[in-house]
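See below for the structure under consideration.
Atoms considered below: every heavy atom in the structure, side chains included; atoms not considered: hydrogens, waters and symmetry mates.
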2 protein chains.
Amino acid sequence: MENNLQVSLYKISQECLPGLSIECVILGYENQQLKTLVFKFKGELSWSLPGGFIKKEEDVEEAADRIVEERTGLKSLYLKQFHVFGSKNKSYDQMGKYPGQLDSWMEKFGLGENQELKDWFSKRLVTIGFYALVEISEQRPEVDPIFESCEWISVEELPDLFLGQNETVKKALEHIRIQLHYQPVSQALLPKKFTMSELQKLYEILLGKTLVRSNFQRKMLGLDFFIRNEKKKTGSANKAPFLYSFDQEKYQEALQQGIGLRL
Amino acid sequence: MENNLQVSLYKISQECLPGLSIECVILGYENQQLKTLVFKFKGELSWSLPGGFIKKEEDVEEAADRIVEERTGLKSLYLKQFHVFGSKNKSYDQMGKYPGQLDSWMEKFGLGENQELKDWFSKRLVTIGFYALVEISEQRPEVDPIFESCEWISVEELPDLFLGQNETVKKALEHIRIQLHYQPVSQALLPKKFTMSELQKLYEILLGKTLVRSNFQRKMLGLDFFIRNEKKKTGSANKAPFLYSFDQEKYQEALQQGIGLRL
DNA sequence: ATTTTAATTTATCATTTTGATACAATAGTA
DNA sequence: TACTATTGTATCAAAATGATAAATTAAAAT
């Protein structure tokens, strides 16, 4: 295993651009909570966002797609770059809860003497942040061999992440909240069919405030890109809500125009 | 001169992160046109945005400030990063109108044999784009020694820029137009005191559409962060308009909240 | 079968905002 | 003193919004 790791790290150091990394905040919505996908390092207590390096002959956007797929098995996410984290202090060695982490890792995995590898991975990191919104129940993340496990954790309850990635998550959320007012990206977070209540709850969580139900519904349906489907019989003692889906054509058209939502 | 250039390029290759560059779109507003500051290379026909590299021990944001100051003499601009350009094809050698440009340059400046330099500068470039908004009349750009001259050119009439930077400008404008709806950044582009007509004209140019005068004025003044100053006597045969300025305190407060402008 | 419950959908209405237009004010000119 | 061009303000119908109430209806309880 250590040997595999060594090979894989060596390959990265040969094939990828040094000092420039990608971190992905994959957000999902479940049990009325906004969650992000984080990974636990083998034999460590610390958690990390899925991330990686850009190959020398690969567009940055391609790299983000590949990295997410390698780490999580998730394909065709709509990844959007949102910020460059360029602090001079960011590196595997200096940041996070465990300074000097790199050394102990290298030793642990029997890479202690490989100075070339160590040099490559101890460089200062400039990081490009991407985010994606996914519907959790539809996604079955697979765990990359370098990690032990992965978990969807509520953004409110994230532990301290590797490399100061809590800031990455925070910044991604800021971006999404602003974005929401002129490009309602909600489609990505919801199942294909959903009720207005579910949509409203999502907005409330993203915006961090409660909305009046009847007015929310009026505004949303007024946007005129929802299709009303059959009712959803929930099994509870109340009127069954309609299921809605996005009218792709109208939705895309509206996005082009820009949607001025006042919520 | 060639020697100076060689020293300066050598210094860059020693001190800076390889393969990661910054480009700055400095926008100003003059004669009812949105203009951007571009530079002409010594002895070349081609134009370039001010740009440069990030020092190994410098935050990316610091680097942007420094680069703008070195190239233009302009200080304390509010530079905002807006996009990473990560095409695998971007490099001094491969992009733009003049492929193979690097070789001819190196030779021209007597750097032909310096393989180390050549290697450094022929790397693939990932570029972080920044923009700033300035009031042209208040700014006196100075020209960096590596350039021959600089000029404010209307974004509508830009020539082909170095390294495909026309895309950089285009993307910056897209960002600003969206930004304008929730963060009226207009302050930066206008003189301290301005008339409502001037403000309106600026909005019309940024948004690319005409607006109804009376309604525009009503909305703007309704935002409640303008101070009405003395009148501006223009010398023309008509009612003299009031001059307005930003109430800094209220303006900043409003920016924090986020401004939902429907125009 | 009928009533009750709880959530959804639709309706109502006063208030605010918007778009379009008209009108009034005024610095300079003729 | 009247005229011109532009600015500042007012007006008003239409649309959007916020707050609340009423009607609807699956499922459960009686």
Atom-pair distance (CD on Glu230(B); C1' on dA27(C)), nearest Å: 16 Å
N/O-N/O pairs, protein side and nucleotides 28-30 of chain D side, under 3.5 Å:
none

Whole-Å gap separating C1' (dT7(D)) and NZ (Lys201(B)): 16 Å
Residues that Lys232(B) engages under side chain to side chain donor-acceptor pair (under 3.5 Å), provided they are two or more places apart: Glu198(B)
Min side-chain heavy-atom separation Ile153(B)-Pro159(B) under 4.5 Å: yes
Ile136(B) backbone acceptor or donor facing Glu30(B) side chain under 3.5 Å: no
I'd like a list of close polar pairs between nucleotides 24-26 of chain C and the protein, N/O only, cut-off under 3.5 Å.
{"unit_1": "dT26(C)", "atom_1": "O2", "unit_2": "Lys239(B)", "atom_2": "N", "d": "3.0"}

Check: Asn166(B) side chain, Leu161(B) main-chain N or O, donor-acceptor pair, under 3.5 Å: yes
Contacts under 3.5 angstrom, residues 60-71 of chain A side chains, donor-acceptor by atom type, not counting sequence neighbours:
{"unit_1": "Glu61(A)", "atom_1": "OE2", "unit_2": "Gln81(A)", "atom_2": "NE2", "d": "2.9"}
{"unit_1": "Arg66(A)", "atom_1": "NE", "unit_2": "Glu58(A)", "atom_2": "OE1", "d": "3.4"}
{"unit_1": "Arg66(A)", "atom_1": "NE", "unit_2": "Glu58(A)", "atom_2": "OE2", "d": "2.7"}
{"unit_1": "Arg66(A)", "atom_1": "NH1", "unit_2": "Glu70(A)", "atom_2": "OE1", "d": "3.4"}
{"unit_1": "Arg66(A)", "atom_1": "NH1", "unit_2": "Glu70(A)", "atom_2": "OE2", "d": "3.1"}
{"unit_1": "Arg66(A)", "atom_1": "NH2", "unit_2": "Phe53(A)", "atom_2": "O", "d": "2.7"}
{"unit_1": "Arg66(A)", "atom_1": "NH2", "unit_2": "Glu58(A)", "atom_2": "OE1", "d": "3.0"}
{"unit_1": "Arg71(A)", "atom_1": "NE", "unit_2": "Gly51(A)", "atom_2": "O", "d": "2.8"}
{"unit_1": "Arg71(A)", "atom_1": "NH1", "unit_2": "Asp144(A)", "atom_2": "OD2", "d": "3.0"}
{"unit_1": "Arg71(A)", "atom_1": "NH2", "unit_2": "Gly51(A)", "atom_2": "O", "d": "3.0"}

Between C1' of dT7(D) and NZ of Lys233(B), the distance in whole Å: 14 Å
Residue-phosphate contact under 4.0 Å: Ser197(B) side-chain N/O, dT6(D) OP1/OP2: no
Rounded distance (Å) that lies between atom P of dT17(C) and atom CE of Met220(B): 16 Å
Between protein and nucleic acid, restricted to nucleotides 9-18 of chain D and to nitrogen or oxygen atoms under 3.5 Å apart, what atom pairs and distances do you find?
{"unit_1": "dT9(D)", "atom_1": "OP2", "unit_2": "Arg228(B)", "atom_2": "NH2", "d": "3.1"}
{"unit_1": "dG18(D)", "atom_1": "OP2", "unit_2": "Lys219(A)", "atom_2": "NZ", "d": "2.6"}
{"unit_1": "dG18(D)", "atom_1": "N7", "unit_2": "Asn215(A)", "atom_2": "OD1", "d": "3.4"}
{"unit_1": "dG18(D)", "atom_1": "N7", "unit_2": "Arg218(A)", "atom_2": "NH2", "d": "2.8"}
{"unit_1": "dG18(D)", "atom_1": "O6", "unit_2": "Arg218(A)", "atom_2": "NH1", "d": "3.1"}

Name each donor-acceptor pair under 3.5 Å that joins a side chain in residues 205-213 of chain B to protein atoms two or more places apart or in another chain, with its distance.
{"unit_1": "Lys209(B)", "atom_1": "NZ", "unit_2": "Leu263(B)", "atom_2": "O", "d": "3.3"}

Any donor-acceptor pair under 3.5 Å from Thr36(B) side chain to Ile26(B) backbone: yes
Length of the line joining Leu243(A):CG and dT8(C):C1', which is rounded to integer Å: 13 Å
Donor-acceptor contact below 3.5 Å, side chain Ser236(B) vs main chain Asn238(B): no
Whole angstrom value for the distance that separates C1' of dT17(C) from CG of Leu223(B): 13 Å
Rounded distance (Å) that lies between atom P of dT7(D) and atom NZ of Lys232(B): 10 Å
Glu230(B) atom CD, over 12 foreign heavy atoms within 6.0 Å: yes
Interatomic distance, Gln248(B) atom CD to Phe225(B) atom CZ [nearest 0.5 angstrom]: 10.5 Å
Whole-Å distance separating the CZ atom of Phe216(A) from the P atom of dA7(C): 18 Å
Ring center gap for Phe226(B) and Phe246(B) short of 6.0 angstrom: yes
